[in-house]
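Nothing fancy with the numbering, it's 1 onward along the sequence. Atoms within a ligand are numbered from 1 in the order they appear, just like the ligands themselves.
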Amino acid sequence: MARIREVRAREVFDSRGQPTIEAEIVCDDGSSGRAMAPAGASRGVAEAQELRDHDSPRCNGRGVRQALERVRQIIAPALRGLPIDDQVGIDLRLLELDATPNKRRLGGNTLVAISLAAAHAAAHHLRLPLYVHLRSLARQSGYCCLPAGNGDYLLPLPMVNMISGGLHAGRNLQVQDFLIIPRQARSFAEAMEIVYHVHRILGQLLRSSGYEAYLVADEGGYGPKLRNNEEAIEVILQAIHRSDLHPGRDVVLALDLAASHFYRQGKYQLAPSNKDLDTAAMIELMLSWTNHYPIVSLEDPLAEEDWQGWKLLTQKLGARVQLIGDDLFATNLCRLRWGMGQGIANSILIKPNQAGTLTETLAVMREAQRAGYRLIVSARSGDTEESWLADLAVATGAGQIKVGCITRSERLAKYNQLLRIEEALGHQGQLARPFGDLFEPWTISQ
Ligand code: PGA
Ligand code: ZN
């Protein structure tokens with residue numbers, strides 16, 4: 001078994017042009033692996049803290065030289081000599097070294113880069129594709145991958161950003177992501193084709209209505225200054241129709257409201273059409289939207305601290321709509337357990353850098369899966385050209401993935417990797433159909 005010989009880190013840049021950390025691990029047999037940390041803009045309070053050079057004017061305090069120093073002085077000496085295939089041992093060592101509840105000593109960004117670099121190096125050493133190696137790590141961790149019908153692997157159904165708002169597009173709209181899900185696609189390649197058509201027609205519709213549709217938001221979607229959130233939903237429905245697809249049957253909608261980011265003093269500032277709603281009014285609005293539109297999934301429809309509201313919303317909508325906790329759970333085992341105990345949400349967004357290490361991420365996935373919560377593996381709005389998230393989604397049979405639109409190469413890195421994996425798997429792979437059976441399919445006639 002190969003052992004870790006060297007751990008290095010460097011400062012590189014993410015898709016928003018911000019500094020981020022890249023870690024590299026080299027083993028004594030020459031095998032090596034590399035990984036970069038992604039970064040969120042609409043971050044949950046409970047997620048692992050990033051370590052950045054806040055006291056330095058360099059790169060506006062966003063540099064990661066302190067994190068590089070921690071790797072050199074603390075992490076590298078402690079990991080040297082560890083067997084590369086012992087991911088749990090490596091991650092536990094990292095957690096011992098950090099020894100804070102929110103990873104502030106070493107930084108969640110540092111930990112995720114090192115942890116994933118180790119997984120890459122192990123896959124290299126074992127001469128396995130990353131998704132195969134991650135699958136065996138998931139199994140060792142007690143995470144039982146979902147059976148994929150006759151196939152061995154489940155490819156995730158993509159939830160694809162079409163229009164962006166909130167912190168990802170200069171707060172043009174309050175809702176952060178308006179997404180489509182090609183629920184009837186039979187393969188990942190077909191899902192991408194459907195998305196391609198809707199995205200292209202949506203651009204034409206926006207342009208012909210006088211909206212700027214050439215610029216892209218942080219996750220690659222359009223960022224037009226529409227009149228209100230409903231207009232965004234309606235123009236996407238129109239694009240689906242014009243693509244000769246049936247909204248509700250072929251393609252359904254999802255929203256990420258990221259509501260914590262427009263929640264002030266107990267009120268949701270959903271301007272301009274729906275101003276300052278209290279929790280009850282916000283829940284009514286969610287009921288009305290999911291009754292009127294083929295929306296099957298709501299992410300963070302209420303603020304991360306509005307637990308009472310979440311509970312009520314789950315009682316009212318949880319049986320027919322996917323209710324995803326992102327900022328709410330922050331890929332954090334304690335928060336997830338608490339939420340499950342309270343009957344809050346029915347799905348969880350999985351962002352490895354919210355957790356810190358791969359082992360913690362897998363533990364959260366295992367717990368959620370055991371409780372029957374759905375899993376949606378997700379990129380960040382500031383992401384990188386790497387594709388390991390795609391491998392993680394396939395390895396864990398998560399069933400869904402959310403990485404943004406089909407423009408911008410940090411997004412395509414994941415989609416294109418899924419196309420490659422699907423091709424490599426052939427009959428051993430099957431596209432997940434989470435909306436084929438569990439939730440009543442929407443059918444609207446227009
Ligand atoms: P973030 O956004 O990466 O800025 O947190 C993604 C999301 O909210 O899902
Ligand atoms: Zn979110």
In sequence, state the C-alpha distance, the side-chain angles, and the governing distance for Asp278 and Lys267, and then conclude on salt bridge (charged side-chain N to carboxylate O under 4.0 Å, His left out).
CA-CA 5 Å; Asp278 63 13; Lys267 290 277 163 60; 5.9 Å; no

Go through the steps to decide whether Lys402 and Glu299 satisfy the test salt bridge (charged side-chain N to carboxylate O under 4.0 Å, His left out), and finish with yes or no.
CA-CA 11 Å; Lys402 174 180 176 240; Glu299 179 179 331; 3.1 Å; yes

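Across Tyr415 and Cys405, no two heavy atoms sit closer than the pair CE1-O, 3.2 Å.
With salt bridges taken as basic N to acidic carboxylate O contacts below 4.0 Å, none links Asp14 and Arg380. A salt bridge does not link Asp327 with Arg43: none of the charged nitrogens is closer than 4.0 Å to a carboxylate oxygen.
Close approach of ligand 1 to Asp326 is summarised as follows: ligand atoms under 4.0 Å from at least one heavy atom of the residue are 7 (C), 8 (O), 9 (O). The atoms of ligand 1 that sit less than 4.0 Å from any heavy atom of Leu349 are 9 (O). Annotation for ligand 1: atoms under 4.0 Å from non-hydrogen atoms of Gly40 are 1 (P), 3 (O), 4 (O), 5 (O). Under a 4.0 Å criterion applied to the non-hydrogen atoms of Glu299, ligand 1 contributes the atoms 9 (O). The distance from ligand 1 to the heavy atoms of Glu219 drops below 4.0 Å at these ligand atoms: 2 (O), 6 (C). When each atom of ligand 1 is checked for a heavy atom of Asp256 under 4.0 Å away, the hits are 7 (C), 8 (O), 9 (O).
Distance from atom 9 (O) of ligand 1 to its nearest protein heavy atom, with residue and atom name: Lys402 NZ, 2.6 Å. Among all protein heavy atoms, the one lying closest to atom 8 (O) of ligand 1 is Gln176 NE2, 2.8 Å. The nearest heavy-atom contact from the protein to atom 3 (O) of ligand 1 is Ser381 N, 2.7 Å.
Contact annotation: for Leu167 versus ligand 1, there are no heavy atoms closer than 4.0 Å.
At distances below 3.5 Å, at least one donor-acceptor pair connects side-chain atoms of Asp98 with backbone N or O atoms of Thr100. Using modelled atom types, one side-chain atom of Arg408 and one backbone atom of Ala217 make a donor-acceptor pair closer than 3.5 Å. For the pair Gln369 (side chain) and Arg366 (backbone), a donor-acceptor distance under 3.5 Å is absent. Although no hydrogens or angles enter the test, the distance criterion places a donor-acceptor pair under 3.5 Å between the side chain of Glu422 and the main chain of Ala189.
Under a 4.0 Å heavy-atom criterion, Ala258 is not in contact with ligand 1. Distances from ligand 1 to the non-hydrogen atoms of Asp300 include no value under 4.0 Å.
Remark: ligand 1 and Ala379 share no N or O pair separated by less than 3.5 Å (distance only, no angle test). Of the polar atoms of Asp177, none of the N or O atoms is found under 3.5 Å from an N or O of ligand 1, judged by distance alone. Residue contacts with ligand 1: Arg16 is placed with no nitrogen or oxygen under 3.5 Å of a nitrogen or oxygen of the ligand (distance criterion only).
The closest approach of Asp326 to the Zn ion (ligand 2), by N/O/S atoms, is made by OD2.
A perpendicular orientation is assigned to the rings of Tyr268 and Phe262, their planes being inclined by more than 60° (bins at 30° and 60°). Note: His246 and His241 have tilted aromatic rings, judged against thresholds of 30 and 60 degrees for the angle between ring planes.
Among Leu349, Asn332, Asp326, the single residue meeting the side-chain contact (heavy atoms from CB on, under 4.5 Å) criterion with Gln354 is Asp326.
Nearest residue to atom 7 (C) of ligand 1 from Gln354, Arg380, His168, Lys351 is Lys351 (criterion: closest heavy atom).
Among the backbone and side-chain atoms of Asp300, none of the N, O or S atoms lies under 2.8 Å from the Zn ion (ligand 2).
With the Zn ion (ligand 2) as the vertex, OE2 (Glu299) and OD2 (Asp256) define an angle of 80°, rounded to 10°.
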